[in-house]
Protein chains: 2
Amino acid sequence: MKKTTQIFKALSDDTRLRILGLLVQGELCVCDLVAVLDLPQSTVSRHLAYLRNSGLVDGRRQGVWMHYRLAQQDGALHDDLIDLLSKDLARLEEIKSDQRKLRQYLSKKRTVKCC
Amino acid sequence: MKKTTQIFKALSDDTRLRILGLLVQGELCVCDLVAVLDLPQSTVSRHLAYLRNSGLVDGRRQGVWMHYRLAQQDGALHDDLIDLLSKDLARLEEIKSDQRKLRQYLSKKRTVKCC
DNA sequence: TGAATCAATCCGCATAAACGGATATATTAT
DNA sequence: ATAATATATCCGTTTATGCGGATTGATTCA
């Protein structure tokens with residue numbers, strides 16, 4: 001039960017939903033998220049830690065950079081929720097806006113000194 | 001976005017998940033919930049108010065008693081979550097135990113002075 | 001109207017969690 | 001080793017939320 005409420009707590013915060021709304025598009029590194037969300041790095045890292053502790057995302061280090069992506073295969077409820085988020089988050093205006101910003105950002109990424 | 005996080009907040013608490021785990025079985029009144037959950041009435045009512053404000057349950061007065069049930073038709077995310085809960089809550093041991101208690105309770109309900 | 005009963009709200013207290021600048025840690029390159 | 005950079009964690013402060021006994025409000029019946 002604690003695991004279940006923990007997952008829902010992880011989804012109860014605007015910033016974390018925004019992060020997930022970007023990660024449903026694919027793996028990203030912290031510097032990408034900071035740039036697109038336009039939030040302090042400590043804020044982004046703190047929320048990523050929360051999502052990881054809740055089992056919703058996995059992190060992988062590549063050199064200095066940490067890449068995060070949605071976690072897979074972690075129980076029925078978890079998988080059902082990931083499916084649900086992939087489908088329903090993109091209906092929210094704020095998420096759509098972030099996703100647009102992400103596309104712009106990725107298209108000019110070579111000009112950015114990040115991963 | 002606020003509406004979305006509000007729904008997830010509503011699902012982030014043990015007591016509220018237990019209430020929903022009973023309501024997926026059908027409409028119940030507050031006194032039923034207090035008896036089965038074995039919690040103070042003020043606690044149950046407070047959580048019911050939270051669930052109602054989040055749009056997850058509807059209340060209907062019948063005389064002195066308030067009957068609560070899962071709300072329907074309130075947006076894509078909402079409906080998807082109700083489906084998910086109906087399916088996944090019953091996998092949790094604590095919820096299964098509550099649902100057993102509910103069946104026992106309902107079977108001897110005529111001996112209880114409640115709705 | 002007054003008593004009885006169910007449910008909602010109030011209250012003070014305790015705990016959890018968000019914020020973001022500052023600091024610590026980890027990795028790479030010189 | 002030292003510097004540079006990316007990320008994680010620490011810290012004090014603020015805000016949100018849970019608790020449950022006590023109170024209030026609503027409804028029914030005599």
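Residue numbers begin at 1 in each chain, while the letters A, B, ... track the order of the sequences.
When only modelled atom types and interatomic distance are considered, B/Thr5 and A/Ser12 share no side-chain donor-acceptor pair under 3.5 Å. Inspection of the A/Glu93 and A/Ser97 side chains reveals no N or O donor paired with an N or O acceptor under 3.5 Å.
Atom CG in B/Asp14 sits roughly 16 Å away from atom P in D/dT17 (whole-Å rounding). Taking atom CZ of residue B/Phe8 and atom C1' of nucleotide D/dT17, one finds them 19 Å apart after rounding to whole Å. Distance A/Arg60 CZ to C/dA26 C1': 17 Å, rounded to the nearest Å. Computed from coordinates, the B/Trp65 CH2 to D/dC29 C1' distance equals 11 Å when rounded to whole Å. A straight line from CE of B/Met66 to P of D/dT28 spans 13 Å, rounded to a whole angstrom. Nucleotide D/dA16 holds its P atom 11 Å from the NZ atom of B/Lys2, rounded to whole Å. At whole-Å resolution of the value, CG in A/Leu48 and P in C/dA18 are 13 Å apart. To the nearest angstrom, P of C/dC6 lies 15 Å from OH of B/Tyr68.
Proximity note for B/Ser45 (side chain, C-beta onward) versus D/dG18, C/dA8, C/dA17: the nearest is C/dA8. When the nucleotides D/dG20, D/dA8, D/dT17 are ranked by their closest atom to the side chain of B/Lys9, D/dT17 comes out on top. Minimum atom distance to the side chain of A/Tyr50 is reached by C/dA17, of the listed C/dA17, C/dA7, D/dA8.
Minimum interatomic distance between A/Leu17 and A/Ile95 (heavy atoms only, all atoms of both residues): O-CD1, 3.6 Å.
A salt bridge between A/Asp58 and A/Arg52 is absent, with no side-chain N of the basic residue lying under 4.0 Å from a carboxylate O of the acidic one.
With B/Cys31, the cysteine B/Cys114 has an SG gap short of 2.5 Å.
For residues 15-28 of chain A, proximity to DNA chain C is found at A/Thr15, A/Arg16, defined as any non-hydrogen atom under 4.0 angstrom from a strand atom.
Contact annotation for A/Arg46: base contact, defined as any heavy-atom pair under 4.0 Å involving a base atom.
Sequence order on DNA chain C of the closest nucleotides to A/His47 and A/Gly63 puts A/His47 first from the 5' end. Taking for each of B/Asp13 and A/Val64 the nucleotide of DNA chain D with the nearest heavy atom, the 5'-most of the two is the partner of A/Val64. Toward the 5' end of DNA chain C, the nearer of the two residues A/Arg61 and A/Gln6, judged by each one's closest nucleotide, is A/Gln6.
In terms of modelled atom types and a separation under 3.5 Å, the side chain of B/Asp83 and the main chain of B/Asp80 share no donor-acceptor contact. When atom types are taken as modelled, the side chain of B/Glu94 and the backbone of B/Arg18 share no donor-acceptor pair closer than 3.5 angstrom. In this structure, B/His78 contributes its side chain and B/Gly55 its backbone to a donor-acceptor pair below 3.5 Å.
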**Request:** With side chain to side chain contact (heavy atoms under 4.5 Å, CB included) as the test, would you mind laying out the steps for B/Thr43 and B/Val34 before giving the verdict?
**Result:** CA-CA 9 Å; B/Thr43 296; B/Val34 168; over 6 Å; no
Listed pairs, N/O of protein and of nucleotides 21-23 of chain C, under 3.5 Å:
unit_1, atom_1, unit_2, atom_2, d
C/dG21, N7, A/Ser42, OG, 3.4
C/dG21, O6, A/Ser42, OG, 3.4

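A/Tyr50 carries A/Arg16 over the face of its six-membered ring, with the cationic atom under 6.0 Å from the centre and within 45° of the normal.
A sub-4.0 Å separation between OP1 or OP2 of D/dT7 and a side-chain N or O of A/His67 is absent.
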